[in-house]
Amino acid sequence: MIKVLTGSWEYIKKDHAEWPLRFYAEVFSWACSLVSAIIFAATVPTIPVIPLYTIFISGCCAAAWTCWTRGSFGLLANYMCLIIIDCIGLARMIINT
């Protein structure tokens with residue numbers, strides 16, 4: 001287990017050293033996802049949809065950019081689909097409110 005943790009820590013340090021902006025964008029994306037999930041879970045059934053969508057879409061945009069810089073087509077396609085779907089949902093929510 002120590003070897004796994006040490007290897008993971010070394011990977012994180014290497015990733016940060018290679019491209020710090022991408023590293024922080026990935027941390028931001030992860031934080032947005034986590035915060036969105038916590039807000040969702042804590043506020044059901046009256047979810048604050050507009051702030052939640054805004055946080056989640058921001059994180060997805062950051063994640064999509066990091067996928068593009070890594071050359072990860074599958075994850076980029078996934079995040080682009082999420083961005084499009086959630087932007088449509090956000091627009092519908094704003095228009096119908």
Side-chain angles (χ1 to χ4, degrees):
M1 184 65 172
I2 298 295
K3 191 174 184 178
V4 170
L5 291 174
T6 304
S8 297
W9 182 248
E10 290 305 315
Y11 174 79
I12 291 168
K13 289 191 320 188
K14 179 180 175 268
D15 193 44
H16 177 268
E18 287 177 358
W19 201 335
L21 179 60
R22 180 174 61 202
F23 176 83
Y24 290 118
E26 288 175 334
V27 171
F28 172 76
S29 174
W30 170 77
C32 286
S33 179
L34 188 62
V35 167
S36 294
I38 291 168
I39 291 171
F40 188 93
T43 59
V44 167
T46 55
I47 302 161
V49 178
I50 293 175
L52 196 60
Y53 262 136
T54 305
I55 294 166
F56 189 72
I57 291 168
S58 298
C60 285
C61 288
W65 177 78
T66 64
C67 292
W68 178 71
T69 62
R70 289 190 183 279
S72 177
F73 173 75
L75 285 175
L76 174 61
N78 178 64
Y79 281 112
M80 293 307 296
C81 286
L82 289 173
I83 291 166
I84 291 167
I85 291 166
D86 288 336
C87 282
I88 291 169
L90 178 59
R92 290 186 68 224
M93 182 70 178
I94 292 170
I95 290 168
N96 294 320
T97 302

Ser72 and side chain to side chain contact (heavy atoms under 4.5 Å, CB included): which single residue from Leu75, Leu76, Thr69 fits? Leu75
Begin from the C-alpha positions of Lys14 and Glu18 and carry the test salt bridge (Lys or Arg N to Asp or Glu O under 4.0 Å) through to its verdict. CA-CA 6 Å; Lys14 179 180 175 268; Glu18 287 177 358; 3.0 Å; yes
Hydrophobic clusters join Ile, Leu, Val, Met, Phe, Trp and Tyr when side-chain heavy atoms are under 4.5 Å apart, directly or via other members; which others share one with Ile2? none
For residues 49-64, run the donor-acceptor check on the side chains, cut-off 3.5 Å, and write out each pair with its distance to 0.1 Å, sequence neighbours left out.
residue : atom : partner : partner atom : Å
Thr54   : OG1  : Ile50   : O            : 2.8
Ser58   : OG   : Thr54   : O            : 2.8

Contact between Leu34 and Ile38 at the side-chain level, heavy atoms closer than 4.5 Å - yes or no? yes
For residues Arg22 and Asp15, determine if any side-chain heavy atom of one lies less than 4.5 Å from a side-chain heavy atom of the other. yes
Ser29 side-chain N/O to Ala25 backbone N/O, donor-acceptor pair under 3.5 Å: no
Taking a hydrophobic cluster as the set of Ile, Leu, Val, Met, Phe, Trp and Tyr residues connected by side-chain heavy atoms closer than 4.5 Å, whether directly or through intermediates, do Phe40 and Leu82 fall within one such cluster? no
What about Val27 and Leu21, same hydrophobic cluster or not, with Ile/Leu/Val/Met/Phe/Trp/Tyr joined at side-chain heavy-atom distances under 4.5 Å? no
Tell me every residue that passes ring-ring contact (aromatic ring centres under 6.0 Å, His included) with Trp19, counting only those two or more places apart in sequence or in another chain. Trp65
One should read off an interatomic distance between Phe73 CZ and Asn78 CG, to the nearest 0.5 angstrom, of 11.0 Å
Nearest 0.5 Å, what's the CD1-CE distance between Ile85 and Met80? 11.5 Å
